[in-house]
Protein chains: 2
Amino acid sequence: MNPDITRERENATFDVGTLTNILDGGPEKTKRRREIESLVFRDPDFEEEDPNFLSRSERYDQAVRKSAQMVLKLREFGIADPEEIYHYKSCVHPDRPSPLDLHLAMFLPTLLNQATPAQMDRFFMPAWNLEIIGTYAQTEMGHGTHLRGLETTATYDPATQEFVMNSPTVSSIKWWPGGLGKSSNHAIVLAQLYSLGNCHGLHAFIVPIRDMITHEPLPGIVVGDIGPKFGFNEVDNGFLKLENVRIPRENMLMKYAKVEPDGTYVKPPSAKLTYGTMVFVRSMIVGESARAIAKSCTIAIRYSSVRHQSEIRPGEPEPQILDFQTQQYKLFPLLAMAYAFTFVGQYMTKIYHRISGDISQGDFSELPELHALSAGLKAFTTWETNSGIEVCRMSCGGHGYSRSSALPDIYVEFTPTCTYEGENTVMMLQTARYLVKSYRQAKAGQQLSGIVSYLNESQDRRLQPQAVAARPTVVDINDLTSLVEIYKLRAAILVEMAAKSIQQELHRRISQEDAWNNSAIDLVRASDAHCHYVVVKVFTDKLGEVGDTAIHSVLSTLALLYAMNGIAKNSGDFLQAGLLSVPQVLQISVRIKELLSKLRPNAVALVDAFDIHDKKLNSVLGRYDGNVYEQMFEWARRSPLNATEVHESFHKYLKPLRSKL
Amino acid sequence: MNPDITRERENATFDVGTLTNILDGGPEKTKRRREIESLVFRDPDFEEEDPNFLSRSERYDQAVRKSAQMVLKLREFGIADPEEIYHYKSCVHPDRPSPLDLHLAMFLPTLLNQATPAQMDRFFMPAWNLEIIGTYAQTEMGHGTHLRGLETTATYDPATQEFVMNSPTVSSIKWWPGGLGKSSNHAIVLAQLYSLGNCHGLHAFIVPIRDMITHEPLPGIVVGDIGPKFGFNEVDNGFLKLENVRIPRENMLMKYAKVEPDGTYVKPPSAKLTYGTMVFVRSMIVGESARAIAKSCTIAIRYSSVRHQSEIRPGEPEPQILDFQTQQYKLFPLLAMAYAFTFVGQYMTKIYHRISGDISQGDFSELPELHALSAGLKAFTTWETNSGIEVCRMSCGGHGYSRSSALPDIYVEFTPTCTYEGENTVMMLQTARYLVKSYRQAKAGQQLSGIVSYLNESQDRRLQPQAVAARPTVVDINDLTSLVEIYKLRAAILVEMAAKSIQQELHRRISQEDAWNNSAIDLVRASDAHCHYVVVKVFTDKLGEVGDTAIHSVLSTLALLYAMNGIAKNSGDFLQAGLLSVPQVLQISVRIKELLSKLRPNAVALVDAFDIHDKKLNSVLGRYDGNVYEQMFEWARRSPLNATEVHESFHKYLKPLRSKL
């Protein structure tokens with residue numbers, strides 16, 4: 001054990017294990033999580049070569065091998081709880097997506113939700129037993145977020161009772177679905193349904209794409225891998241071009257909408273049912289954000305505690321780089337954010353489960369709010385995490401660029417969350433739509449409830465941007481409740497400003513839609529402020545649940561740092577709205593520096609509390625024992641370029657060059 | 001040619017060719033640049049397989065082949081001007097670093113600068129003819145920016161008149177030098193010089209590391225590749241462990257410092273001489289920033305002009321995504337920044353050449369200012385570009401993640417500039433040191449000249465943070481000169497605040513060094529504001545040189561957008577200092593939206609003016625002809641995973657799984 005990191009742990013003021021339990025949701029959850037980790041990490045069948053040393057084809061091969069093993073073992077051990085499966089999987093493929101992800105997380109659930117009993121009989125068990133391997137083919141080369149624009153067609157032919165599937169243009173080629181390129185033999189294809197000359201919009205169809213025995217593509221199917229990407233190197237994201245592919249009528253998923261044998265179309269009872277999955281996935285992504293930034297902070301903070309560099313006082317030994325104020329300023333606000341997002345993730349899961357109970361009983365009343373919240377928080381947390389990971393990486397100096405640090409991989413595997421499951425800017429605008437609608441309702445005299453109830457208050461107080469002098473200053477900057485309050489007021493003001501911008505545009509006699517587009521910057525800003533408020537509020541509320549005094553104290557410091565740092569970074573908003581005075585903003589800068597010093601002794605313990613297994617972290621810089629350099633040297637020597645002392649290019653190019661010059 | 005992009009070009013209000021000439025520095029420079037591009041891009045010897053489809057060893061192999069070809073061709077064509085060589089190289093390895101970079105850009109120049117005539121005779125011609133291939137081994141596993149901390153030792157043995165080179169610890173292993181892993185047979189090693197029992201600090205030694213014939217490592221030399229990284233996949237960044245390696249006394253570079261045969265150490269005449277190279281490299285990096293963000297903007301803006309998605313007005317066809325205000329808000333400020341950084345790059349080169357003329361005549365008076373400026377601007381422009389590239393990438397939706405977009409590669413090849421040649425935070429603090437020193441001089445009554453002369457004024461006006469009401473508002477937000485003025489005042493105020501923070505810390509009776517560290521956040525902020533001011537000023541000054549009315553108009557709009565966007569993002573600073581009133585900040589938000597609309601028709605033309613050859617851009621999304629989807633499909637089909645229809649993993653793992661479930 002590195003002596004620096006040992007000393008750090010000795011200096012902590014709280015019990016790490018207790019905090020880990022809080023993060024897991026209870027001691028029994030911690031215990032079970034660790035059991036699952038042991039199951040995987042002690043299992044020789046899951047041993048792997050470092051993917052960084054493999055070609056893409058080898059990486060894909062290794063991932064398929066482990067996925068196949070995983071399916072066997074999950075059944076062997078009888079692990080069936082979705083959360084436990086999720087955790088098991090995240091150890092098998094340490095936070096890397098895998099070729100069978102869409103089969104397990106989209107193909108099977110879509111069958112469960114949208115297949116008729118007859119379809120379940122035909123498809124579910126073969127899929128459960130991986131005879132059928134499926135994917136979910138929605139996105140096209142030319143169409144992502146805007147589903148109505150999708151071009152793939154499914155035209156019903158009553159004569160044969162078949163659908164004829166087509167990709168009519170280059171831009172309509174299905175593009176991106178995971179597992180589509182090489183692994184799947186079936187795909188659930190989203191296509192515009194045409195029957196009897198009418199278009200009925202998007203519906204889902206089960207399309208066999210490869211032969212069940214030979215795995216060769218079926219006639220009319222052009223399928224393959226879309227090529228290397230930023231991350232996702234284990235996954236065969238694929239393309240699919242359909243050329244007059246005929247499938248039986250019974251391959252349309254018909255639990256809700258139907259096409260009768262004669263071609264008559266029967267509408268689904270409610271469109272809202274599909275919202276649930278979207279909300280669920282986005283809520284999960286909030287948790288992913290928390291895990292990604294927690295991992296990054298673990299690596300950067302542990303490394304900063306063992307790395308010595310430069311000097312603070314001349315003549316003294318080089319200090320730990322964690323002693324530099326600039327290093328603390330990079331990392332501790334992100335550490336605070338990691339805790340904030342963890343609690344927001346827990347909060348989202350909780351309300352999702354509450355509301356989905358209502359939904360299953362036909363009560364959709366809270367769905368719009370949850371939909372807006374999950375969209376905005378998905379965008380807010382992924383954007384913040386995305387840039388946060390890179391701050392962590394760059395805080396490790398040169399070594400942050402080495403694949404051995406794991407930070408490059410954390411980044412490339414995480415960054416797609418900003419785009420998939422709803423592009424972030426689009427998500428922010430969806431939240432804004434809800435906020436503006438709520439604002440207008442409040443203005444029309446309706447009493448709002450739930451998270452947007454602050455928009456009621458804004459009507460009462462007639463908030464608007466104004467000079468500091470005009471507003472009495474009652475904010476206590478050291479009081480979290482007081483800070484939550486000004487975050488709330490900031491959100492209220494920015495929602496109002498966005499709504500007014502739309503109004504002003506409309507006065508110029510342009511259409512609603514153009515007015516909306518011409519106010520989009522303000523709308524995104526309002527959503528961002530709304531989400532920021534929710535995060536600060538959830539973190540603050542969480543403190544009320546923490547009984548342990550030492551932990552309460554350190555978490556309060558983190559919450560205060562998170563809130564204050566957000567204010568400092570957006571001080572213009574708070575000054576503009578007169579929510580804070582200039583002296584208060586200056587005080588906050590000073591307080592932030594004090595909070596950094598206060599957190600310094602607990603920094604390593606706070607990342608230890610995330611309890612991320614070394615094998616999951618897979619980082620020479622972030623190792624629990626702090627023995628960084630030895631391991632980095634050992635890792636480098638295994639690099640494929642070191643397989644021979646002399647690379648063949650010397651003989652091929654460099655040596656012959658001598659005679660030519 | 002895609003009709004959308006054609007229409008964009010027709011709508012431009014200025015002549016693209018004329019602007020290209022301005023960016024190149026004159027029509028003859030444009031012409032010569034294009035000649036060099038033709039030389040490379042039409043040369044079949046430089047044809048290559050897309051590196052994304054190759055293993056790392058194959059990438060390295062291909063890069064060595066092209067580098068060897070390049071050396072031959074440069075001599076064949078008689079290209080000797082450093083700028084032209086640089087440009088030729090950037091076409092051969094399109095903006096990718098290559099294995100011989102350090103040989104050409106560090107090993108040869110270091111010999112030129114620091115070798116004695118006798119050493120030139122022994123080493124220069126063999127190195128020039130690539131018999132000797134060298135690298136520059138400075139960074140160690142445990143030591144980067146802080147050179148005094150380097151641990152490698154060179155101990156003089158008068159008995160044999162040799163230096164004994166050692167890597168005494170794991171952390172002292174040389175780590176990162178490009179070309180060290182596999183390509184080089186010599187290294188210039190930076191080591192602590194010990195002679196007659198005394199340490200004389202860092203000096204440079206020429207160490208043979210591989211056999212000239214067999215290329216096998218020499219005795220006592222442990223050398224190899226440090227393994228895969230984020231980017232730099234063509235380069236064999238290496239490690240070097242020295243175990244009692246003996247080199248002749250004459251292998252120490254002794255143009256300045258010397259060790260006599262008896263071990264007597266002779267000091268170098270001036271330490272400032274080595275500053276020049278550092279300043280030069282950092283100035284060059286400013287230009288690299290401009291090129292990287294210009295490329296990224298070219299890709300994102302062209303793609304946004306051909307990509308149709310979503311809807312603004314219901315029922316109408318999907319609009320070009322460039323019509324969304326949020327998309328413009330992401331990209332146009334970065335486009336403005338690309339222009340700003342281009343002009344700052346030109347400015348840096350100009351003053352570097354002016355001052356280096358003085359230096360060669362022994363006049364070092366302007367060196368500290370240039371040193372501070374290059375350090376700060378290196379950090380400022382690389383950080384801004386780093387995050388800007390990712391904004392461009394994510395503005396392309398899913399396709400920005402495909403390696404075919406080139407954006408992932410632009411990012412990974414660029415991001416190391418934030419760390420190498422001086423870690424950015426350290427750079428900002430170096431600039432801050434100069435600023436605080438200048439501030440103190442001004443306060444002590446000295447009259448400052450040069451770029452920091454504004455610190456004189458700040459003394460006169462006794463600037464300090466204050467409420468808006470206290471300062472008369474005379475700023476015309478639509479006047480660039482007026483905006484430059486408030487950027488200047490912001491810098492002055494933040495320098496003063498940082499200096500005062502140090503002062504306050506000193507009052508607490510702590511040391512100078514701790515006071516400095518406890519004010520580091522403020523110091524970085526002050527440097528950032530200083531650099532931001534310089535960039536806005538240089539861009540504004542540049543407008544004065546532009547005669548063409550149409551181009552002057554569009555560049556003025558860009559400059560205004562750059563300045564206003566910077567204010568909007570940092571509005572807290574301007575409000576806090578009372579430099580702008582709340583209504584003015586609100587007005588600026590409105591004006592930014594107007595400027596985006598105003599730039600919209602010229603956006604494609606403005607990226608066309610960068611005149612980046614399709615082969616250099618190497619992006620399916622950024623193609624000049626806008627034919628994105630066809631090319632993306634064609635690219636994907638070449639992906640190695642598509643070499644066979646059925647991947648072997650199906651037979652190995654997936655098919656056998658069926659019988660087990």
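Every chain is numbered from 1 and lettered A, B, ... according to where its sequence line falls, protein lines coming before strand lines.
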Which atoms of [X] come close to chain B, meaning under 4.5 Å heavy atom to heavy atom: side chain ones, backbone ones, both, or neither?
| X | value |
| --- | --- |
| A:D409 | neither |
| A:L130 | both |
| A:I213 | both |
| A:H308 | backbone |
| A:P228 | both |
| A:V426 | neither |
| A:E423 | side chain |
| A:M632 | both |
| A:W635 | side chain |
| A:V524 | side chain |
| A:L657 | side chain |
| A:I133 | side chain |

Who among [options] has the most heavy-atom pairs with chain A under 4.5 Å?
| options | value |
| --- | --- |
| B:R65, B:Q325, B:E58, B:E645 | B:Q325 |
| B:R56, B:H146, B:K655, B:E513 | B:H146 |
| B:R307, B:K660, B:R148 | B:R307 |
| B:P99, B:S55, B:G181, B:P314 | B:P314 |

>> What part of B:D211 gets within 4.5 angstrom of chain A, counting heavy atoms only: side chain, backbone, both, or neither?
In response: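 Interface part for B:D211: neither.
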> So what's closer than 4.5 Å to chain A heavy atoms on B:E318: side chain, backbone, both or neither?
Replying inline: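 For B:E318, the side chain is the part near chain A, not the backbone.
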Side-chain heavy-atom pair [X], [Y] within 4.5 angstrom cut-off:
| X | Y | value |
| --- | --- | --- |
| A:Y401 | B:Y420 | no |
| A:Q504 | B:V590 | no |
| B:N386 | A:M394 | yes |

Could you tell me how the ring of [X] sits relative to the ring of [Y]: parallel (under 30°), tilted (30 to 60°) or perpendicular (over 60°)?
| X | Y | answer |
| --- | --- | --- |
| B:F650 | A:H215 | parallel |
| A:F239 | B:F633 | perpendicular |
| A:F230 | B:F230 | parallel |

> Is there a donor-acceptor contact under 3.5 Å from the side chain of A:Q576 to the main chain of B:V582?
Replying inline: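 Not a single qualifying donor-acceptor pair exists.
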[X]-[Y] side chain donor-acceptor pair, cut-off 3.5 Å:
| X | Y | value |
| --- | --- | --- |
| A:Y411 | B:E390 | yes |
| A:K182 | B:S649 | no |
| A:R393 | B:T415 | yes |

>> Which heavy atom of B:S501 sits nearest to which heavy atom of A:K593, and what is that distance?
In response: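 Closest approach of B:S501 to A:K593: OG-NZ, 3.4 Å.
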